[in-house]
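Report on the structure given below.
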Amino acid sequence: MHLSLTLTAAMAAFACFGEVASMPLEETLRSLTPKARNVLKRATPVAPYFVLYSDAYVSTEPTVSEISGFNVFALSFLLESGAADQAEEWEELTAAQRSSILSEYDAAGISLIVSLFGSTDTPTSSEYDPIDTANTMAAWVIEYGLQGVDIDYEDFAAFDAGTGAAEQWLGNFTTQLRTQLPQGQYILTHAPVAPWFTPDRWGGGGYLWVNSMVGDMIDWYNVQFYNQGTTEYTTCDGLLYNSSTAWPQSALFQIADSGVPLDKLVIGKPATAAQASNGYVDPTLLASCVSSAYASGWNGGVMVWEYPYAESSWIATVRGDTWPMPSTTATPTSTGTTTATPTPTGTGNCAGVAAWTADAVYTGGSEVTYDGYLWTASYWSESDTPGGTSGVWINDGACTSTATAAAKRRALPPPIVTAPAL
């Protein structure tokens, strides 16, 4: 697919943001070409992030209904030597098959990305060149039409050496990836193990150094709170507030206290006890932890390893009353479309929030009221009904107040207009 041409068209349209500063945001968005609008819809979603990895063999990607409730699906893995496992499966599909899957996922608000390295590759120890490796992997992402990358760096020997070589490699690699996969157009995440955020433990500064140097380039962290000891991160207190003395200051809020933005921290857990050596938490208990963290001001989201052991029912349980899933009961509308009746759980403060209208343009983070509920847009949207099949809108719960006023629409940040090098 000619993604480079699509990006060029989008970026040419984006230029109008700077040229016509007085133009209302809604009018500006409406002036975009269809290709530019498609690229804008591919832009990074806003928190909460619900991330599902796929490494175990399946013959093709799951249907939208099988992974409903997730908004990011990560094919695993792209290695230095080339695509493997589910990334290779994606590579072997025809262009038409890939295009069909991407269209279905886009319509459902699911971003399709690829995870890099995993436990197979040891980039620093194996002396991979960070610049060349980044260029090669970015070119693969663009060629095969994916929406971003997740850096699953697991070179433990390099980190343990304490020389700073691992951290420097990650910084150089991330920086170069961003020159090829511009922020706002492509997702770029990291998937570190939680102990790598422990202060004063790693000679090169660990992931606190990475975050201080290139954190602005990273959209969020899929933190692996597992495989670190049989009792590590297995209670809500240990996961969220007070990690053990084995890995001090590495619980969720402790990492945030060390300077990592709280809304960039995604809680990662295995789908079942068989999917990790240790660290498994029952989905119902995890839902309780998620609810507690949310009440304390966290909104990052949840990551799980891996499909098909986790799918729609798993994430529905974990989201629980914190981010309730809409029911599957379809209700016809006057326009002939159908919307899902939301599950009546949770509450949202709807005071001052305008009602959703079909002819308005909304950006990621916009809030509306609809059918007695508060909804937040995950990304750019026009005429996508809250609770509908697009998956754009997150149900924040039943309104505690029905007062309405001007919509709280957040303006898009200034887009990057430099075309990615191919």
Side-chain angles (χ1 to χ4, degrees), residues 41 45-52 64-72 105-111 263 266-267 283-284 286-295 297-302 304 311-333 337-358 360 362-404 407-410:
K41 283 193 172 185
V46 297
Y49 311 108
F50 302 111
V51 184
L52 177 59
V64 165
S65 63
E66 289 173 320
I67 57 173
S68 175
F70 290 98
N71 54 18
V72 180
Y105 279 30
D106 281 347
I110 301 172
S111 298
D263 62 356
V266 173
I267 296 174
T284 301
L286 183 56
S288 177
C289 300
V290 163
S291 177
S292 176
Y294 183 80
W298 165 84
N299 193 44
V302 178
V304 62
E311 34 72 59
S312 185
S313 62
W314 187 94
I315 194 61
T317 298
V318 173
R319 288 174 60 157
D321 291 347
T322 305
W323 295 294
M325 299 267 290
S327 76
T328 56
T329 302
T331 303
T333 69
T337 60
T338 60
T339 62
T341 303
T343 304
T345 54
T347 58
N349 184 1
C350 300
V353 182
W356 174 84
T357 58
Y362 300 95
T363 60
S366 296
E367 292 180 330
V368 299
T369 60
Y370 182 78
D371 199 24
Y373 288 80
L374 177 66
W375 303 82
T376 301
S378 294
Y379 51 90
W380 181 87
S381 170
E382 181 184 12
S383 71
D384 297 308
T385 307
T389 58
S390 70
V392 172
W393 295 96
I394 295 172
N395 184 350
D396 293 322
C399 289
T400 57
S401 170
T402 57
T404 60
K408 298 178 181 178
R409 298 178 189 173
R410 301 177 189 172

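- Using a 4.5 Å heavy-atom cutoff, the side chains of Ser312 and Met325 are in contact.
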**OP:** Decide side-chain contact (heavy atoms from CB on, under 4.5 Å) for Val304 and Phe50; before the verdict, give the C-alpha distance in whole Å, the side-chain angles of both, and the deciding distance to 0.1 Å.
**Re:** CA-CA 8 Å; Val304 62; Phe50 302 111; over 6 Å; no
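- Ile315 is not listed as a side-chain neighbour of Leu52, based on a closest heavy-atom distance of 4.5 Å or more.
- Going from atom OH of Tyr362 over to atom CD of Glu367 covers 12.0 Å, rounded to the nearest 0.5 Å.
- To the nearest 0.5 Å, atoms OG1 (Thr369) and CH2 (Trp356) are separated by 11.5 Å.
- Asn395 has its side chain out of reach of Trp323: every pair of non-hydrogen atoms, C-beta onward, lies at least 4.5 Å apart.
- Closest heavy-atom contact between Thr317 and Ala287: O-CB, 3.2 Å.
- A centroid separation of 6.0 Å or more is found between the aromatic rings of Trp393 and Tyr370.
- To the nearest 0.5 Å, atoms CZ (Phe70) and OH (Tyr105) are separated by 11.0 Å.
- Expressed to the nearest 0.5 Å, how far OG of Ser366 lies from CH2 of Trp375 amounts to 15.0 Å.
- One finds the CD1 atom of Ile67 at 4.0 Å from the CD1 atom of Ile110 (value rounded to the nearest 0.5 Å).
- Closest heavy-atom contact between Tyr294 and Asn299: CE1-OD1, 3.5 Å.
- Proximity of Leu286 to Trp314: side-chain heavy atoms (C-beta onward) are separated by under 4.5 Å at one or more points.
- Across all their heavy atoms, Cys399 and Leu374 have their closest contact at SG-N, 3.8 Å.
- A donor-acceptor contact shorter than 3.5 Å is absent between the side chain of Asn71 and the backbone of Tyr49.
- Nearest heavy-atom pair, Pro48 versus Gly301, reported as atom, atom and distance to 0.1 Å: CB-CA, 4.0 Å.
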